[in-house]
Amino acid sequence: MFRSASAMDTTKLSTSESVSKKKGKKAKKQVQSEEKPVVEMDTVSEVKVEKSTSGATFPPSFSMSEIKNKQRRHMMFIRLKQEKRKQKLELKKKMKREREALGDKAPPKEVPKTIENQRVYDETTVNPEDEEVAFDEGTDEFSAYFNRLTNPKVLITTSDRPRTRTVKFIEQLATVIPDAHVYYRRGLALKRVIPQCVSHGFTYLLVVNEDRKMPNGLVLCHLPDGPTAHFKVSGVRLRKEMKRRGKEPTEHTPEVILNNFTTRLGHTVGRLLAALFPHDPQFVGRQVATFHNQRDFIFFRFHRYIFKNEKRVGIQELGPRFTLKLRSLQKGTFDSKFGEYEWVHKRHEMDSCRRKFHL
C-alpha cells in the first residue's frame with residue numbers, strides 16, 4: 001500500500017528527467033526550425049535578386065499553353081510582351097546611335113513590306129498623258145460634266161421602310177453633297193424612279209440600302225446614260241458618334257480629293273464620284289471631301305481646314321465617315337435583269353492573290 005521514500009525520489013527524478021529531455025528535444029527542434037527559415041529566406045532573396053538583375057528570361061521551348069492557371073498565364077503573357085517591347089526599343093536606340101555615328105555613310109533605311117507596296121502590277125494602269133485615255137475621257141458619259149455643260153443635281157433615296165440610322169445617314173449625306181435632295185420612296189421600283197429623275201433634270205440617283213437596321217449597300221446611277229455602280233457600305237459612323245468632331249458643315253461647295261484611282265476601272269470610278277460635286281469649290285468654306293482608295297477599299301472622309309498660323313494648318317473631321325467596296329459596274333442605268341456589266345467582283349479571284357487589286 002505504501003511506497004518507500006527512496007522509491008518516491010526515484011520516481012520523481014525519472015519523471016523530471018523525462019520532462020527535461022522532452023523539453024530539450026522541443027527546444028532543439030525550435031532552434032532548428034528557427035535556423036532553417038533564415039537559410040531559406042536568404043536563398044530566396046538571392047534568387048529574386050538574380051531574377052530582377054537578369055530580367056524575365058524564358059527558355060526557348062517555353063509555351064504559354066503549358067501554364068494551366070489562367071491568371072498566371074495572363075501575367076506571364078504580359079511579361080513576355082513587355083520583354084519583347086524593351087528589346088525592340090533597345091535595338092532601335094542602338095541602330096539610331098550607329099546611324100548618327102556613321103553620318104552620311106549610314107546605309108539607307110529599310111522600307112517595311114506591306115500589301116500596298118508589294119502590289120502586283122496591273123496592265124490597265126492609266127497614264128494621264130496617254131492620248132487614248134484623253135480620247136476616252138472626251139467621249140465617255142461624264143464628258144458633259146467635265147466640259148462644264150451640265151451641273152450635278154443628286155436625288156438621294158433609300159430602300160423601302162428605312163430605319164432611323166439609314167434616314168440620318170442620307171440626311172447627313174445631303175449636307176455633304178451640294179444640290180442634293182432627299183426623297184423617301186414608298187414601294188416604288190427604281191425603274192419607275194429613273195424616268196422621273198431624268199425629266200426633273202437630276203444627273204444622279206443615289207440609293208442607300210440597309211440590312212438589319214444598318215446601311216450596307218449603295219447604288220450610284222449616273223443619269224441619263226449611266227453607268228451604274230453598286231458598292232458595299234461598311235464602317236458607317238454618324239456625326240454624333242465621332243469624337244472631337246467639328247461644328248456642322250456649311251453650305252459652301254467642298255473641294256474634292258481623289259487618291260490612288262490608277263487603273264482603267266479605278267479611273268472610271270473616280271470620275272463617277274467626282275461628278276457628284278460642282279466644278280468650282282468655294283475655298284472660303286475650307287471644306288474638303290476625300291475619296292481615298294487603298295486595296296480596293298474607298299474610304300470617305302469629310303474635313304475642314306483650320307489655319308492655326310501662317311505656317312501651321314490642321315484638319316477637323318466633320319463626318320459622316322464610311323467605306324465603299326465596289327461590287328459591280330453596269331453599263332447604262334439600273335437594270336437588275338437585262339443589264340450589261342462592265343465589271344463584277346469575283347471572290348475567288350481576290351482570294352487567289354492578296355496583292356492583286358483592280359482600282
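All values below come from the heavy atoms of this structure, side chains included, with hydrogens, waters and symmetry mates left out. Quick caveat: nothing in here was measured; it's all calculated off a predicted structure.
Within 6.0 Å of atom CD in E100, more than 12 heavy atoms from other residues, nucleotides or ligands are found, so the atom counts as buried in its surroundings. Atom CZ of F135 has 12 or fewer neighbouring heavy atoms from other residues, nucleotides or ligands inside a 6.0 Å radius. Within a 6.0 Å sphere centred on CZ of R99, heavy atoms belonging to other residues, nucleotides or ligands number more than 12. Other residues, nucleotides and ligands contribute at most 12 non-hydrogen atoms within 6.0 Å of the CG atom of D104.
Within the 4.5 Å cutoff, the side chain of V233 has no heavy atoms near those of the N216 side chain. With a 4.5 Å cut-off on side-chain heavy atoms, E317 and R301 count as touching. The shortest side-chain heavy-atom distance between R271 and F146 falls under the 4.5 Å cut-off. Under the 4.5 Å side-chain criterion, counting only non-hydrogen atoms from C-beta, E83 is not in contact with R79.
Side chains of H252 and T250: a donor on one and an acceptor on the other come within 3.5 Å.
Rounding to the nearest 0.5 angstrom, the gap separating the CZ atom in F357 from the CD atom in Q294 is 8.5 Å.
The minimum heavy-atom distance linking C197 with L205 is given by the pair SG-CD1, 4.1 Å.
Taking the charged nitrogens against the carboxylate oxygens, E342 and R264 have no contact shorter than 4.0 Å, which rules out a salt bridge. In summary, D160 and R186 do not engage in a salt bridge, as defined by a charged side-chain N under 4.0 Å from a carboxylate O.
With a 6.0 Å cutoff to the six-membered ring centre and a 45° limit on the axis angle, R237 does not count as a cation-pi contact of F322.
For Y145 and H279, the ring centers sit closer than 6.0 Å to each other.
When each of T158, L188, I170 is tested with Y183 by the rule side-chain contact (heavy atoms from CB on, under 4.5 Å), just one qualifies, namely L188.
Ring-plane geometry between H358 and W343 is classed as tilted, the angle between the planes lying from 30 to 60 degrees on a 0 to 90 degree scale.
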Checklist entry - Is there a salt bridge (charged side-chain N to carboxylate O under 4.0 Å, His left out) between E210 and R165 once you walk through the steps? => result CA-CA 9 Å; E210 68 173 18; R165 187 175 180 81; over 6 Å; no

